[in-house]
Amino acid sequence: MIESKTDLSIKHTRWILFAVICIGLALRLTVTLAYPMGVSLFSDDNTYIGYATTLVKNGYVVLNGIAGPGMPLLLGSLFSIFGYQPVGILVCHILYSCIGLLTAFGMYLLGRLLHSRWVGVLSCTYMCFDVAMISTNISFLTETPYTCMIVFALYFLLRCVMKWELKYYLEGLVCFCGALSMKGLAMMIPLTILIYSWKTRVKINRWLPKLILGIIITFLLFLPWCVQNYITVSSFSPFPIDQGDQRLLGTYYGIGYPEGSYDQAQGIINEAVQRKQTNDDGKNIGLETRDTIARDRYLQWLEQNPIGFFYTHLIYKPVTLLFQACLQLKVLGVPARIVTWWWWGVVAMAVYGVLGTRLGKEPTSSGFYVPLLYLAIAITFTAILVPIPRYNAPHVPFIALYASVGLCRVLKRVMIRKGKKQEQL
Amino acid sequence: MLKRDKWIVAIILMFLTLISVLGIRFVLQMQGKLNQGNTLNHMMDFRSLGMQGDDDTTLDIDSNNLRFEWNVSKKEEIVVQSQAIPIEQNDKSSLQLDVNIGGKNNAYQSQRTGYMVYLQIVLLDQNATVEAKKIEIPLESERNRSRLYSIVIPIEKSGVNAYKIQWIIQPLNNTIDAGYIICNNLEVI
């Protein structure tokens, strides 16, 4: 944190945070209670509910490489306490949406660590009030707990690098493993921290033992799921190995992709399924055919139009993803186009926050640009398939962080000008 | 690393190794049972439920799917129900019914259009109704997709030996609009 006389006092910070989080809770309650059984998007959330209820009823669930273990465990824990009958599932929705408030508090901690209490409070406020994040938090999607975990993982691991204490490392590792149980993309966190450690010339005898420890702990924790996936889908991995339709859809999105339509590909898949349900290894013919078509199309794209291929995956898809507001459904009566324009404004303010700080050569805390590094890596990898708006949700906190920095700069300039005018008078 | 930190790391690694070994053992046990033909969920065959509807309803049934349709009606209610299904275990303290239900959209938040849909489970003692519990089924998907609904009914009185499942369609503004319901993955525990 950069000490400054103009920063918020601890007392004011606590009151503002309390008020903001209470209002955030009220907003989430209002939106959730509008639906008799909480929101259903009739999408992946139904799949997770299915896994969780199977886990509750049987004490075991087969994931088939479709989902990580995190969501079934999280939802299963909630359902085992409150049930998944109409009232119970509504209570679970409310508690689930509170994870978004925890994320907001995590953003306060990160903002305070990397800049000031002002930035922390503004980031927290944004996360509590953002309509797109509220719509994400109220539905049973992995993005809500995943975002929470990566925010806290980044916070604790940054503290660990700044101040080499085991407790920060273990706390960061727990959060990282929690995020990893939701999505494999959490691997971007240790990669970011490693790059930061290398940049700040941390000695190898400091970070290497912790890296090895992290690998061992992660391996031990996820081993049971690796074994299950190996037995069921012949893949020794705890992560979802079936990327769904996105992998195939991604070959019809961008610049210079091969000819053909998604419907044509779907026709080929349906024909293959009708001929035979599974191949000799017991693998689903439909999934195999889809993966084969997707792989062939990507290779064809790379061969026929390498410039279009690299431009699409390094620039077009990531930028498209960055500018998509992660709105799941209309909430609080705010139209989708307003949410989108608001989000573009936030991204613009974030760009100003970063560039203004860098070009203005303002003193920054060590690690100030780490979330930016994480964003660059995460957005690029996330957008590799199809840039679906929902996938932008985990990036919102970090963009809000830099937007808060930009807003602080604007407010500072306004106050300085006001001060100068008063002096002249 | 401090000596204290080394001890903490050692304890954590031992604990995680134990958890991991127990987890793998559990997975191998459960997968072994599943490979022998056991299943986790025990879905009921709709064909064995003896489903009956009113004259206004058309039923389409296979092992895991039930679809019923109705036309516009001025009736007080349309009921599609199963026959009496015996409860196999005498010492059950409750019955839980889980089923995925979808259909023609009639709900948006608290607003309803066309009709109201309810799912009811009825406990029977020698075909006489002892207890009943129902929940509303808001059909919220504009694309007729289904979601999980669950009812739990406690069995408090002795003598309950069977149950019946009912789907009840009731009018809004004295009319039941035409519609349809699709159900699958019915399980009673």
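Every chain is numbered from 1 and lettered A, B, ... according to where its sequence line falls, protein lines coming before strand lines. Because only heavy atoms are used, hydrogens play no part in the values below, and waters and symmetry mates are left out as well, while side chains stay in.
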Which atoms of [X] are under 4.5 Å from chain B, going by heavy atoms: the side chain, the backbone, both sets, or neither?
X	value
A/Val62	both
A/Leu33	neither
A/Leu220	both

Rounded distance (nearest 0.5 Å) linking atom [atom1] of [X] with atom [atom2] of [Y]:
X	Y	atom1	atom2	value
A/Thr54	B/Glu187	OG1	CD	7.5 Å
B/Leu97	A/Gln85	CG	CD	10.0 Å
B/Thr17	A/Leu223	OG1	CG	10.0 Å
A/Gln228	B/Leu28	CD	CG	10.5 Å

Any side-chain heavy atom of [X] within less than 4.5 Å of one from [Y]?
X	Y	answer
B/Gln96	A/Tyr84	yes
B/Asp98	A/Lys57	yes
A/Leu213	B/Ile12	no

Checklist entry - What part of B/Ile189 gets closer than 4.5 Å to chain A, counting heavy atoms only: side chain, backbone, both or neither? => result side chain
Checklist outcome for this item: Applying a strict 4.5 Å limit to non-hydrogen atoms, the region of B/Leu22 in contact with chain A is neither
Checklist entry - Which one of A/Ile89, A/Leu221, A/Ile217, A/Leu41 has the most heavy-atom pairs closer than 4.5 Å to chain B? => result A/Ile217
Checklist outcome for this item: Heaviest contributor of heavy-atom pairs below 4.5 Å to chain B, chosen from A/Tyr35, A/Trp164, A/Phe222, A/Phe42, is A/Phe42
Heavy-atom count check: over 12 atoms from other residues, nucleotides or ligands less than 6.0 Å from [X] [atom1]?
X	atom1	value
A/Phe219	CZ	no
B/Lys92	NZ	yes
A/Phe236	CZ	yes

Item to check | Positions in residues 147-182 of chain B that reach chain A, provided some heavy atom is under 4.5 Å away | outcome: B/Arg147, B/Leu148, B/Tyr149, B/Ser150, B/Ile151, B/Val152
Item to check | Residue-level contacts of residues 100-139 of chain B with chain A, using a heavy-atom cutoff under 4.5 Å | outcome: B/Tyr108, B/Gln109, B/Ser110, B/Arg112, B/Ile135, B/Pro138
Item to check | Distance-only side-chain donor-acceptor flag, A/Tyr230 / B/Gln31, under 3.5 Å | outcome: no
